[in-house]
Structure formats: C-alpha cells, structure tokens
Amino acid sequence: MTEHSYGPSTRLLHQDVSRTEHGETSEAIFLTSGFVYDSAEQAAATFTGDVTHYQYSRFGNPTTDALQSRLAQLEGAEACIVTASGMGAVSSALLSHLKQGDRVVASRALFGSCYWIVTTLLPKYGIETVLVDGDDWAGWEKALSVPTGAVLIESPSNPMLDILDIERIATLAHKAGALLMVDNVFASPVGQQPLTLGADVVIYSCTKHIDGQGRVLGGAVLGRKQWVEEVLQPFTRNTGNALSPFNAWVLLKGLETLPLRVNAMAANASAVANFLEKASGIARVNYPGLTSHPQRALVEKQMSNGGSLVAFEVEGGKEAAFRFLNAFKLIAISNNLGDARSLATHPATTTHSKIDVAERAHLGITDGVIRLSVGLEDSQDLIADLQQGLTALKA
C-alpha cells in the first residue's frame, strides 16, 4: 500500500497486513516466546545485527510489530514502542530519557499514578521535579527558564478535563532543551494529534479507547525514530516491559473500529454534557465540547471533537455523589475509561485518592466530582440513567 494513499480508517484496516501462506483474513497471532534459526551462524549474525531475524518476543514479535506500525501511521509518528500497560509507557518514556541530576517539569493535573511517578519515584533517583498549573504561563516560563530534560502534560487532564496549550508549552520546552511528552489518552489519536502541535513524544494507555472493550492492558510510546531506537527501545527490551503478542492482536482488532467508536462516543458525551449542564443538583459540568468550557477556543484549535469524558460536580459532596452513582442501572461504577460501555467513578476516593486533599482541592477535584466515561449506548438511555441519579439526590 502506498503511504498516505488512503484515509486513516482504511489504513487502520489494511496497513502492513502480513498474511501467512494460509491467506487468513485476520492477522495471525504469533503467540511465541522465542524463534529458531537455520544455523548457528544465523543466530550469531542476528545478535550482532548483521542479519534481521526475530530473536525473542521481549525484543520483537511480528504481531507487536504490526501494532507498532499501525499506531505510528495513525499518529503520524516515525516510530512506536508498545508496552505492557499505559503506566509502563509513561514510566518507560521518562526513565529511559532521564538520569540523576536531570529536571522534569510537569502539569499539576495528572492521573494519580503519573503524579506518583513525578512526585515520588523520580526524586528517589535524584531527578528534580517541578509542577505547574496548566494555565499558569508565568509559572511555565519560570519553570522552563533553566535547562530541563522532559516536560510531561495531559490534555485534556484527568479527571477535570483542563485543556493545555500544547503548542505554547512545546515552544517553552524546546527552549529549555526538553522533550515534550503528552499523555493523549483522553483525546485519543482520533481526537487530537499532539505531534502536529509540537510535541516530541505521545503516550497512550491502549487499554482505553484503542482496545475500547475492556479486554486487555497495553501502552504505547510514539516519537522520532532516532529517539525511539536509541533511547527508548534499549530500555524496554532490557527491563522487560513488553506487550504480549495476544494483547497486541486484540489491540489491532480494536484499531479497526477506533474512529467509528470514538466519534460515536464523543457525540453521546456531548448529548450527556448538555443534559447535565441544565440539570438541577449539578453544580458544574466540564466537557471540552461545551461552549461553556473556559478554554473553548483552545479546544477548537487542538481537538477535532470534545472526547468521550465528562466531569461534573454533584451538589452535596461525597454522600450525594455516592447516592448518584449507586442509583445507576445501566452505567457501571468503574475506574476504567474509554470503554464501549459507559463507566463512572468518584476520583477523590479512587483514581486520585492518593493525592493530598489540599492538592485535590487545588485541582478542583472536590468530593462531589464524578468522572463519566461515555460509551456507545443510546444517548437517551444514558440520560435516563443519569436522571435516576438526579432523582436519588432528592430522596
């Protein structure tokens, strides 16, 4: 297939399909730990790099290679490495690139485990970390006025859906000598393309929209070929953060329907957010697709849709939020997201529970906040289920 001769949806179905002699329709799964050689000479030449041959599935596998190729095409990246989980992708991107004495600047609004890596793990290895509020431009300029190794941001952020100006942060990061790493999980590759905005590295939990059906864990790191091959790949190969071929095959199947699912989920999320914005008992609604979103102009600049996540605050704090969640008959209570089924969680007691109370308050994560990952159900059924939550608030 000629590169860029077909649209993204077509490429997700047909890009780099490598069939065996049996001519199967769906890609084969190369569910093997190792590979054999025709001779001792071939084995030796493989390890010196003089011959191209698979060695061990921790190093490379035809199925994981197919996933990496297709993700890179989708993202417009030169190269990709897939990992065992999304957090494996985040930790590998940072730890492969940084060393003792380096400095990291990160947006304050991060997923709980990412926050732990930045504030707890990296300092243990002698890496300085600085947190900055997403819209604090004086803070960004100050933090990036000295040499820095990496900048890590989420946009939209988890769970409050703050939007960060990727292009502006990229300019500051590059002046400081840093790589800008963007966790693009909430937007998905369909909703936002950080590399086109100046990012150097894009990170995914493939567990979310890319699988999208709650089946497997997986992660991905995408960027320039030289950085991926010379910095990231030796780290993932030698630390063992490898994705299983079976999970890679499942994720390949998820990619085939990714645009259809994400766009439909975003349409549902828009309907749900508009309903909640008018509902009694809801203090505020954060959704990038709403005209009321405080960074609406930036959303229109960076994103092609509002995404599938909605954050809203129930009046009455934790007790009211729990009553709201427990009233659902259709929406499941789960800390996962990006699934075909709608899922809701209470961040203050789940995904962000390990973050200090004062820090949560600073981020706007009150005890009344609920994060809703909108799925593929009929939007009117979701609205009816949310109405049950609203009714429970009055009980």
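Numbering of residues begins at 1 and proceeds along the displayed sequence.
Contact of the Leu243 side chain with the Leu251 side chain is registered, since non-hydrogen atoms from C-beta on lie closer than 4.5 Å. Under the 4.5 Å side-chain criterion, counting only non-hydrogen atoms from C-beta, Tyr37 is in contact with His53. Put simply, the side chain of Leu390 reaches to within 4.5 Å of the side chain of Ile282, judged on heavy atoms. Contact annotation: the side chain of Pro156 never approaches that of Tyr287 to less than 4.5 Å [non-hydrogen atoms, C-beta and beyond].
The closest side-chain donor-acceptor pair between Asp102 and His97, if any, does not fall under 3.5 angstrom.
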Can you give each donor-acceptor pair under 3.5 Å made by side-chain atoms of residues 160-169, sequence neighbours left out, with the distance rounded to 0.1 Å?
| unit_1 | atom_1 | unit_2 | atom_2 | d |
| --- | --- | --- | --- | --- |
| Asp165 | OD1 | Glu167 | N | 3.4 |
| Asp165 | OD1 | Arg168 | N | 3.1 |
| Glu167 | OE1 | Lys301 | NZ | 3.1 |

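The hydrophobic side chain of Leu343 is isolated, with no ILVMFWY side chain under 4.5 Å apart from it.
With hydrogens and angles ignored, the 3.5 Å screen pairs a side-chain donor or acceptor of Arg58 with a backbone N or O of Arg237. Ser57 places no side-chain N or O within donor-acceptor distance of the main-chain N or O of Gly34, the cut-off being under 3.5 Å. Proximity of a side-chain donor or acceptor of Thr48 to a complementary backbone N or O of Ala45 within less than 3.5 Å is detected. Using modelled atom types, one side-chain atom of Asp339 and one backbone atom of Gly214 make a donor-acceptor pair closer than 3.5 Å. Side-chain atoms of Arg284 never come within 3.5 Å of backbone atoms of Glu313 as a donor-acceptor pair (strictly under, hydrogens ignored). A donor-acceptor pair under 3.5 Å is formed between the side chain of Asn241 and the backbone N or O of Gly88. At distances below 3.5 Å, not a single donor-acceptor pair connects side-chain atoms of Asp183 with backbone N or O atoms of Val90. Put simply, the side chain of Asn247 gets close to the backbone of Leu217: a donor and an acceptor are under 3.5 Å apart. In this structure, the side chain of Trp227 does not engage the main chain of Leu232 through any donor-acceptor pair within 3.5 Å. In this structure, Arg261 contributes its side chain and His209 its backbone to a donor-acceptor pair below 3.5 Å.
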Go through the steps to decide whether Leu172 and Val151 satisfy the test side-chain contact (heavy atoms from CB on, under 4.5 Å), and finish with yes or no.
-> CA-CA 10 Å; Leu172 294 173; Val151 175; over 6 Å; no
Given side chain to side chain donor-acceptor pair (under 3.5 Å), test Thr83 with Ser92 step by step and report yes or no.
-> CA-CA 9 Å; Thr83 60; Ser92 293; 5.9 Å; no
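Between Arg70 and Leu13, the shortest heavy-atom distance links the atoms NH1-O, 4.3 Å. A pairwise comparison of heavy atoms in Ser373 and Asn336 identifies CB-O, 4.5 Å as the closest pair.
Listed by first then second residue, pairs satisfying ring-ring contact (aromatic ring centres under 6.0 Å, His included) with a partner in residues 296-338 read Phe312-Phe324, Phe322-His346, Phe324-Phe328, not counting sequence neighbours. Every pair passing side chain to side chain donor-acceptor pair (under 3.5 Å) that includes a residue from residues 384-395 is listed here, sequence neighbours excluded: Asp385-Gln388.
A side-chain contact (heavy atoms from CB on, under 4.5 Å) with Pro194 holds for exactly one of Val202, Leu222, Leu180, Asp200; it is Val202.
We find that Arg103 and Glu128 are joined by a salt bridge, their nearest charged nitrogen and carboxylate oxygen being less than 4.0 Å apart.
Applying the 6.0 Å contact sphere to NZ of Lys253 captures more than 12 heavy atoms from other residues, nucleotides or ligands. For CZ of Arg341, the number of neighbouring non-hydrogen atoms (other residues, nucleotides, ligands) closer than 6.0 Å is 12 at most.
Evaluation of the side-chain hydrogen bond (donor to acceptor under 3.5 Å, both in side chains) rule for Glu24 yields Thr20 as partners, not counting sequence neighbours. The side-chain hydrogen bond (donor to acceptor under 3.5 Å, both in side chains) check on Gln42 picks up nothing, with sequence neighbours excluded.
Aromatic ring orientation, His352 versus Phe111: perpendicular (interplanar angle above 60°, classes split at 30° and 60°). Note on ring orientation: taking the six-membered ring where Trp is involved, the planes of Trp137 and Trp140 are tilted (angle from 30° to 60°).
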